[in-house]
Each structure stands twice: as C-alpha cells, then as structure tokens.
2 protein chains.
Amino acid sequence: MFRTILIYGVALAVLIFVLKFIEYRFLVRDLSLEFYLGVVAVLFTVVGIWTGNRLTRKKIAPGSDTPFEIDEQTLRSFGISKREHEVLALMALGFSNQEIADKLFVSLNTVKTHSSNLFLKLDVKRRTQAIQRAKELRLIP
Amino acid sequence: MFRTILIYGVALAVLIFVLKFIEYRFLVRDLSLEFYLGVVAVLFTVVGIWTGNRLTRKKIAPGSDTPFEIDEQTLRSFGISKREHEVLALMALGFSNQEIADKLFVSLNTVKTHSSNLFLKLDVKRRTQAIQRAKELRLIP
DNA sequence: AGTTCATTCATACTTTCGGGTGAAGGATGG
DNA sequence: CCATCCTTCACCCGAAAGTATGAATGAACT
C-alpha cells in the first residue's frame, strides 16, 4: 500500500515535470486545462487498471488453491443425506458400487438405493453427470 | 468498450465543469495545475481500478479459476489420438456412449472401441476413473 | 403415540459398460 | 510397396449400473 502511494506520487511528479517541460519547450503557454486533464485522466486510468489487476490478482492467487468447503447449504437444499453424500464422494473418486458398498460396510443394493435417490435429487441420469453436477455445486472437492 | 469510452468522456467533461465551477465560484483563479492534476489523477485511478476489476472479472469468470490448456505433451506421451480425446471430453461431460456416438456421428461400437483403448492407455477400469485421471493430467478441463 | 425420514436390504428387470476379438478402409512414413 | 497407426464397425458375453417396488428398523420430532 505504501509502495502504491509512493508510485502514484512519483508518477504524478514526473507527469507534472513532463507537462511543464513540454509547455516551456514549445513555448505553448496556453495549453488548455482540458488537455492536461485528458492526458492525466487517460494515464491514470491505465495506471488504475494496472494496479487494479495487481491487487485482484493477489486476492485471487491465494484463493486459486481453493481450500474447498462443501456447500452445506446447497447440500440441504437438495435434501441430500449424510450417507448419500458419502456415496457421492466415493463415486466421484471412481469407485464402483460394489467397492463403495465394501467401504461403507453395506450391501450393494443399499448403495444402489442411495445412488438412485442421489440421481433423482441431482436430477441426473448417470453417475458421471452426478459427479459433474456435484462438483459444480461444490458438494464434493 | 464503446460504453467505457463514453463513460470516460462524460466523466471528464463533468469533472472539468466542476473544476471550472469551483474555480469561479470561489474566485480562486490560480488554483495550481498540480491541484487539478492531483484530483484528476486520484479520481481516474479509482475509475481505472474499478473498470480494471470489471474487465478482469469478465475474463476470470468464464475461464473459472484456471485458464486451462490441454497438456498436449502428456496427451502424446499417453498415445491418445484426437478421436479418443474427443470421446474422453464428452465422457467427462456425463454423456453415455450412445450420446457420444450420436454427437460424433459414429456407431456405438466405435465409441466403445475408443473408450476401451482410452481405459487401457490411462490404465483405468471405469469411465469415472478415466475422467478423474484425465483431469489430473490436464487432458480435459 | 404417531409421523416422518434416513438407512438398510431385497427381488426382478432393463440398460449401459467394458472386454475380447476380428476386420476393413485410409493415411502416413519409411 | 509394405508396415503401422487411426478410424470405423461388428458380434458376443459378462459385469456393472440403473429402475421400480416393497419393506423393515430405528432415530427424531410433534
């Protein structure tokens, strides 16, 4: 922030010097106020855009890692239960229904029931779509 | 873009009016050039930052967080052909083999062949795993 | 006590996937 | 010209996934 203000100050000083220099060098003493304002406006708009980008990049860069949090609100709004969410998560990791059943210590039929309900709630027809949708909705990493 | 330029023009005009108004109203005829420049610089820096953010937001939002480029090197190192990559991409969007076949104007059998070869090359057993793996390897968005 | 809901499981049936194999046409490159 | 690879397609078969329906249990809430 300090550095930014410093840059602005220096830029402004340099600009004034340049303008004064131009003014005296060409002996055009009556360069209009509008001209100065126009030049300064354009220049500092550019500066603003530039620094604006830098600032937002700094905000975005650390967030790009996406710490990730499951969107509990959306989860509830879709009426997805804990167990269904577990099945969904394992699904997204590429496990088969049988593998999911083994991991959760339930039967294959149970996993099928959960996944079917899941597809209804997510309004999809296949597990691949469910995974897509769930990731969009930030229900899974 | 047009609108942006227009906004700048209007803002500049308004600013000049305001400054002139202040100048005459208080009969302070010798407000220094530096003062004008400073005010304009600060104002347009703010405008620049604001518009800069708007512009970059538009660039960031559709491209999500990651600009994303498919890793052609990896693609070749895995010996994945164009057609196979197309199938992979559609797979990742949640389409069934039949839907992919329709989209690519080929038979279901052809899509099966491509996907089977894909699974071999990616060393996976299911399409969900293939999608996972392909995303990790940046073969698809 | 009764209702609601999550969880569990089953049976039966259909659809989709995936593996294995073979084969034909076309493009590429030695 | 021949080898190789890509692309296309076919058939068969088994495995996995998904649909439909029903039902039992237990926790939670009213």
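Chain identifiers are assigned alphabetically (A, B, ...) following the order of the sequence lines, protein sequences preceding nucleic acid strands; residue numbering begins at 1 within each chain.
- Between A:S116 and D:dT19 there is a side-chain polar atom (N or O) within less than 4.0 angstrom of OP1 or OP2.
- Rounding to whole angstrom units, CZ of residue A:R83 and P of D:dA27 are separated by 15 Å.
- Under the 4.5 Å side-chain criterion, counting only non-hydrogen atoms from C-beta, B:T128 is not in contact with A:F95.
- Nearest-nucleotide mapping onto DNA chain D: of A:T128 and B:S81, the residue sitting toward the 5' end is B:S81.
- Side chains of B:I100 and B:V106 form no contact here, defined as non-hydrogen atoms less than 4.5 Å apart.
- In this structure the side chain of A:L137 reaches within 4.5 angstrom of the side chain of A:L122, judged on heavy atoms.
- The distance from atom CD of B:Q129 to atom P of D:dA17 is 10 Å, rounded to the nearest whole Å.
- Following rounding to the nearest Å, B:H85 (NE2) and D:dC5 (P) show an atom-to-atom distance of 21 Å.
- When the P atom of D:dG18 is taken as reference, atom CZ of B:R127 falls 10 Å away, rounded to whole Å.
- The structure places CG of B:L104 at 5.5 Å from CG of B:L90, a figure rounded to the nearest 0.5 Å.
- The structure places CG of B:D102 at 9.0 Å from CG of B:L108, a figure rounded to the nearest 0.5 Å.
- With A:S115 contributing its side chain and A:V111 its backbone, the two residues share a donor-acceptor pair below 3.5 Å.
- Remark: P of D:dA17 and NZ of B:K125 are 13 Å apart, rounded to the nearest angstrom.
- For B:E86, the salt bridge (charged side-chain N to carboxylate O under 4.0 Å, His left out) partners are B:R83, not counting sequence neighbours.
- Contact annotation: the side chain of B:F119 never approaches that of B:Q129 to less than 4.5 Å [non-hydrogen atoms, C-beta and beyond].
- Nearest-nucleotide positions on DNA chain D place B:K121 closer to the 5' end than the other of B:R126 and B:K121.
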Give every pair of a protein N or O atom and an N or O atom of nucleotides 9-13 of chain D that lie under 3.5 Å apart, one pair per line with the distance.
{"residue": "D:dC9", "atom": "OP2", "partner": "B:S107", "partner atom": "N", "Å": "2.6"}
{"residue": "D:dC9", "atom": "OP2", "partner": "B:T110", "partner atom": "OG1", "Å": "2.9"}
{"residue": "D:dC9", "atom": "O5'", "partner": "B:T110", "partner atom": "OG1", "Å": "3.4"}
{"residue": "D:dC9", "atom": "N4", "partner": "B:T113", "partner atom": "OG1", "Å": "3.1"}
{"residue": "D:dA10", "atom": "OP2", "partner": "B:N109", "partner atom": "ND2", "Å": "3.2"}

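- The nearest pair of heavy atoms linking A:L88 to A:A130 is CD1-O, 4.3 Å.
- Note that CG of A:L139 and CD of A:E72 are 10.0 Å apart. Values are rounded to the nearest 0.5 Å.
- Within residues 96-104 of chain A, no residue has a heavy atom under 4.0 Å from DNA chain C.
- Protein atom CZ of A:F95 is 15 Å distant from nucleotide atom P of D:dA16, rounded to whole Å.
- Under the side chain to side chain donor-acceptor pair (under 3.5 Å) criterion, the residue pairs touching residues 116-126 of chain A are A:E84-A:K121, A:R126-B:E99, with sequence neighbours excluded.
- Atom OG1 of residue B:T74 and atom CD1 of residue B:I80 lie 9.0 Å apart, to the nearest 0.5 angstrom.
- Running 5' to 3' along DNA chain C, contacts with non-hydrogen atoms of chain A at under 4.0 Å begin and end at C:dA6 to C:dC17.
- In this structure, the helix from C:dA1-D:dT30 to C:dG30-D:dC1 shows an angle of 50° between the axis at its start and the axis at its end, each fitted on 5 base pairs and rounded to 10°.
- Using a 4.5 Å cut-off on side-chain heavy atoms (C-beta onward), B:Q132 and B:E136 make contact.
- In this structure, B:R76 and B:Q73 have side chains that are in contact, with non-hydrogen atoms separated by less than 4.5 Å.
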